[in-house]
Amino acid sequence: MDLVRTKEELRVARAAIESSALVGLVPTMGNLHAGHLELVDRARSQCTKVIATIFVNPLQFGSGEDFSTYPRMLEQDSDLLMGRGADLLFAPSVEEMYPRGRIDHTNVTTAHLTSMLCGASRPGHFDGVATVVSKLFNLIRPHVALFGEKDWQQMTLIRAMASDLDFPIEVVAVPTVRERSGLALSSRNSYLSDQEREKAPLLYSTLVGVKEKVLQGDSRYGFLEQEACAILAKSGFVPDYVSIREGSTLKNANTGSTDRRVFGAAHLGKARLIDNIAIDA
Ligand code: PAF
């Protein structure tokens, strides 16, 4: 696997890939876990070349968030990617990606999807994601780009962005990888203390509880959402939201919706955990 750090090196490496190749992109911020490696495996199975990126994108962190402390472990991550059969790794610096600085940079926004759910408590976050992913799409020109379902809102807005901006790229959603406890794998799980780690699966089991009640015919969605937040709060989480939405539009779901999902986000100690599961098959 080749590692390139500059856009110019990337251009040269990308140009060397034969034009008949089907190129899959796995964008990450590093600190890789089995969920990321699942994206690489999936890319390998669907594509002939796999390009991974590692870039801790300052645009998607708010002030007071963990940009400066986000774990950076390029050597270990690069070994993992190589072991999984990635062909090329692009790991640029902030200056390489944003030479005019983060403030003056042109932004991409998908307004209708950014201000709800996680966007409500992380203003600017999804514009930062849309901006960096559109740059990676332009630089790498993949045919397929793979994203984890744990970040469903992110995946949905990237799909919308790719369609709205006419990127000829298939956005593939890969199911969330979980610990046996149900806890969704996340780079930020490393912020949890041992005690918090034991509590953390409650986010998933609470969402499962909501799903079961909805499938049993309970249509009091607002009540179920509040009840779920109360369960989390009682166990020491600081809930941000639990919300029953339509998976494709992220609009509030109703009993007539056919692709309902339940989404949850909550702080536990230093970690902000998110998760979501399908209600409808
Ligand atoms: O999901 C992530 O790791 C990031 O949001 C992404 C998609 C790599 C953009 O920085």
Side-chain angles (χ1 to χ4, degrees), residues 7 10 24-40 42-43 50-62 65-74 76-78 80-81 84 86 88-94 96-98 102 105-110 113-114 117-119 121-140 142 144-162 165 167 169-177 184-191 263 265 271-276:
K7 292 189 228 176
L10 174 65
L25 167 65
V26 178
T28 80
M29 297 204 303
N31 192 19
L32 302 180
H33 51 66
H36 295 112
L37 301 179
E38 180 75 18
L39 300 179
V40 178
R42 184 66 188 273
V50 177
I51 303 182
T53 65
I54 295 182
F55 178 60
V56 185
N57 172 34
L59 256 52
Q60 68 189 77
F61 288 78
E65 289 190 350
D66 53 346
F67 173 68
S68 56
T69 53
Y70 199 87
R72 288 154 171 91
M73 33 200 35
L74 185 58
Q76 182 183 308
D77 287 344
S78 145
L80 286 170
L81 290 167
R84 229 44 183 232
L88 181 65
L89 170 60
F90 177 49
S93 65
V94 171
E96 184 67 18
M97 287 298 271
Y98 302 119
R102 55 182 291 189
H105 200 274
T106 302
N107 269 295
V108 176
T109 184
T110 47
L113 294 169
T114 54
L117 299 172
C118 287
S121 53
R122 302 188 70 193
H125 167 70
F126 287 118
D127 289 353
V129 170
T131 301
V132 78
V133 171
S134 60
K135 284 169 71 70
L136 294 173
F137 281 2
N138 279 324
L139 289 164
I140 291 168
V144 178
L146 300 98
F147 296 87
E149 285 188 355
K150 180 179 73 68
D151 298 287
W152 186 275
Q153 186 175 6
Q154 165 174 283
M155 185 277 297
T156 304
L157 76 89
I158 289 168
R159 248 186 201 155
M161 181 197 77
L165 299 184
F167 283 108
I169 297 170
E170 184 195 351
V171 174
V172 171
V174 178
T176 304
V177 178
L185 297 193
S186 162
S187 301
R188 288 189 169 102
N189 290 353
S190 59
Y191 297 161
F263 295 81
R272 183 176 184 279
L273 304 177
I274 63 171
D275 204 349
N276 69 90

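Along the sequence shown, residues are numbered consecutively beginning with 1. When reading the values below, keep in mind they use all heavy atoms of this one structure, side chains included, and skip hydrogens, waters and symmetry mates. Numbering of ligands and ligand atoms starts at 1, following listing order.
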Inset, instruction - Would you please name every residue forming a salt bridge (charged side-chain N to carboxylate O under 4.0 Å, His left out) with Arg122, sequence neighbours left out? - result: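 Arg122 satisfies salt bridge (charged side-chain N to carboxylate O under 4.0 Å, His left out) with Glu65 only.
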
Inset, instruction - Distance to 0.1 Å, residue and atom name: give those for the protein heavy atom nearest to atom 10 (O) of ligand 1. - result: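 Of the protein heavy atoms, Gln60 OE1, 2.6 Å lies nearest.
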
Legend entry - Modelled atom types, side-chain donor and acceptor of Asn57 and Tyr70, under 3.5 Å: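 Short answer, no.
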
Inset, instruction - Describe, in one word, how the ring planes of Phe55 and Tyr98 are oriented to each other, choosing from parallel (under 30°), tilted (30 to 60°) and perpendicular (over 60°). - result: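 If you compare the ring of Phe55 with that of Tyr98, the planes turn out tilted.
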
Inset, instruction - Under the side-chain contact (heavy atoms from CB on, under 4.5 Å) rule, what do Val108 and Leu165 come out as? Steps first, then yes or no, please. - result: CA-CA 10 Å; Val108 176; Leu165 299 184; 4.1 Å; yes

Atoms of ligand 1, numbered as shown, that sit under 4.0 Å from any heavy atom of [X]:
X      : result
Val132 : 9 (C), 10 (O)
Thr28  : 8 (C)
Gln154 : 1 (O), 2 (C), 4 (C), 5 (O), 7 (C)

Inset, instruction - Would you mind telling me if ligand 1 is within reach of the side chain of Thr53, the backbone, both or neither, using heavy atoms under 4.0 Å? - result: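 Neither; nothing of Thr53 gets under 4.0 Å from ligand 1.
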
Legend entry - Interatomic spacing from CG in Leu59 to CG in Asn107 - rounded to 0.5 Å: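 One finds 5.5 Å between CG of Leu59 and CG of Asn107.
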
